[in-house]
Amino acid sequence: MEKIGFVGLGIMGAPMAGHLLDAGYEVYASDHRGALPEALVAKGLKKVTGHGPLAEVADIVITMVPDTPQVADVLFGEDSIAAGLSKGKLVIDMSSISPIETKEFARKINELGCDYLDAPVSGGEVGAKAASLTIMVGGTEKAFERALPVFEKMGKNITLVGPNGVGQTTKVANQIVVALTIEAVAEALVFASKAGADPAKVRQALMGGLAASRILEVHGERMVKRTFAPGFRIELHQKDLNLALQGAKALGVSLPNTSMTQELFNSCAANGGAKEDHSALVRALERMANFEVGGSAETAKNEAA
């Protein structure tokens, strides 16, 4: 089994690395951000000081960090992964970043005699913990086949969608669908709740019809129960929609509902909610309605009267 270097042991990265350890992989991580997670160390995670040495010891290096600048820094900054690579190694970026920058990153890694895959994921913290992530991959068939056994320990729906950059383009498209569906679920629950209906029962009823979706199931429940601890933070979804809107501008494509949903995320962030789960987008609609989902049915009926 190939040795794995893993950079980015956050909400998503930690359980992903944990699955690799559980599968018997030898996994290394840099201590550049402080102590490694104790739960992973207990499973056998090995510490390396610095990104360069991490790349030296690993056959495959995985990055899972928040945004494009962080990937650039980890790959090519001071004490970089690139500095420790040797021919034949594989770099996999599983972050959600710019498709344009991804192509440049891949070119630089390829020039070092190494392969590069962009493999962003969807499924959030729940999917990361359950090893059921959707993985959208850009790169060569050869590199994909090499990485597939590793991907299969972290996800279920794994697709090579095209060359480098196309994985990230697919993830941007995914984030458009997710954001707009969260907004639609939020609108429906705010409407139904203020009309006097029990939002939990409305959600249950809708799950049996054409409106059923994973977003309604998981994020609708979060809205009803007011559980907004982050599985995927609003500030990260803002970043992804910025990528969508920037790309749309370059392509001459109009994304009107994406723009509107981004403004709702912006409203949440401006009101202190940047680090809440993206299902907390419902708060922006609640402020406009002056009513909270799950509020008193009697109050709602009185206001509607």
Side-chain angles (χ1 to χ4, degrees), residues 11-12 66 96 122-130 172-245 248 254-305:
I11 290 175
M12 300 283 290
S96 296
S122 180
E125 182 183 12
V126 173
K129 288 182 175 180
V172 171
N174 178 85
Q175 294 304 82
I176 292 172
V177 174
V178 170
L180 270 59
T181 308
I182 289 174
E183 196 280 335
V185 169
E187 277 197 22
L189 294 181
V190 169
F191 167 77
S193 186
K194 192 161 186 179
D198 181 337
K201 292 183 179 179
V202 169
R203 172 184 162 277
Q204 181 181 353
L206 295 179
M207 281 300 298
L210 191 59
S213 70
R214 183 67 172 159
I215 298 295
L216 178 62
E217 178 186 359
V218 176
H219 291 69
E221 183 177 40
R222 285 175 175 266
M223 294 173 195
V224 172
K225 293 186 176 180
R226 321 305 294 172
T227 52
F228 297 128
F232 188 77
R233 301 191 302 274
I234 280 175
E235 61 187 356
L236 293 179
H237 214 140
Q238 285 180 289
K239 176 261 297 181
D240 291 341
L241 293 193
N242 278 337
L243 293 174
L245 295 170
S254 178
L255 301 177
N257 291 325
T258 301
S259 298
M260 180 273 295
T261 303
Q262 180 73 313
E263 290 302 326
L264 294 175
F265 279 136
N266 292 345
S267 172
C268 291
N271 282 274
K275 297 189 181 302
E276 290 188 313
D277 186 78
H278 52 175
S279 59
L281 176 144
V282 70
R283 293 191 191 276
L285 297 170
E286 289 172 339
R287 280 189 291 271
M288 288 188 281
N290 193 30
F291 189 83
E292 183 177 290
V293 168
S296 167
E298 187 62 33
T299 299
K301 290 176 181 178
N302 292 338
E303 291 184 1

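Basis for what follows: all heavy atoms, side chains included, without hydrogens, waters or symmetry-related copies.
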*Asks:* Restricting to non-hydrogen atoms, name the atom on P230 and the atom on I11 that form the minimum distance, rounded to 0.1 Å.
*Replies:*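 Shortest heavy-atom contact: O-CD1, 3.9 Å.
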*Asks:* Would you compute the distance between atom CE of M207 and atom CZ of R214 and round it to the nearest 0.5 angstrom?
*Replies:*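 CZ of R214 is found 8.5 Å from CE of M207.
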*Asks:* Looking at CG of N266 and OG1 of T261, how far apart are the two atoms once the value is rounded to the nearest 0.5 Å?
*Replies:*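 Taking CG in N266 and OG1 in T261, the distance rounds to 10.5 Å.
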*Asks:* When you compare the side chain of V172 with that of D240, does any pair of heavy atoms fall below 4.5 Å?
*Replies:*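 Not touching, per the 4.5 Å side-chain cut-off.
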*Asks:* For the atom pair CG (L245) and OG (S254), what is the distance rounded to the nearest 0.5 Å?
*Replies:*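 Atom-to-atom, L245:CG and S254:OG are 10.0 Å apart.
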*Asks:* Rounded to the nearest 0.5 Å, how far apart are CD1 of I176 and NE2 of H237?
*Replies:*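 It is 9.0 Å, given to the nearest 0.5 Å.
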*Asks:* Of the non-hydrogen atoms in A179 and F265, which two are nearest, and what is the gap between them?
*Replies:*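 Closest approach of A179 to F265: CB-CE1, 4.0 Å.
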*Asks:* Where the side chain of D277 meets the backbone of R233, is there a donor-acceptor pair that is under 3.5 Å apart?
*Replies:*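 Not confirmed, D277 side chain does not pair with R233 backbone.
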*Asks:* If you round to the nearest 0.5 Å, how far is CG of L189 from NZ of K194?
*Replies:*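 These two atoms lie 15.0 Å from each other.
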*Asks:* Yes or no on salt bridge (Lys or Arg N to Asp or Glu O under 4.0 Å) for E125 and K129, after CA distance, side-chain angles and deciding distance?
*Replies:* CA-CA 6 Å; E125 182 183 12; K129 288 182 175 180; 3.1 Å; yes
*Asks:* Applying side chain to side chain contact (heavy atoms under 4.5 Å, CB included) between V185 and each of M223, H219, E217, R203, report the one that passes.
*Replies:*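 Checked M223, H219, E217, R203 against V185; only one passes side chain to side chain contact (heavy atoms under 4.5 Å, CB included): M223.
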*Asks:* I want to check something: taking the side chain as every heavy atom from C-beta on, are E276 and C268 in contact at a cut-off of under 4.5 Å?
*Replies:*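 Sidechains of C268 and E276: no contact.
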*Asks:* Mark yes when over 12 heavy atoms from residues, nucleotides or ligands other than Q204 sit less than 6.0 Å from its CD; otherwise mark no.
*Replies:*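 Check fails, neighbour count at 12 or below.
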*Asks:* Using side-chain heavy atoms (C-beta onward) and a distance below 4.5 Å, is N271 in contact with R283?
*Replies:*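 A side-chain contact under 4.5 Å is absent here.
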*Asks:* Compare all side-chain heavy atoms of L264 with those of M288 and state whether any distance is below 4.5 angstrom.
*Replies:*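 They are in contact (side-chain heavy atoms under 4.5 Å apart), so the answer is yes.
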*Asks:* Can you find a pair of side-chain heavy atoms, one from H278 and one from L236, that are under 4.5 Å apart?
*Replies:*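 Not in contact.
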*Asks:* Under the 3.5 angstrom rule, does the side chain of E292 hit a backbone N or O of E286 as a donor-acceptor pair?
*Replies:*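 It does not hold such a pair.
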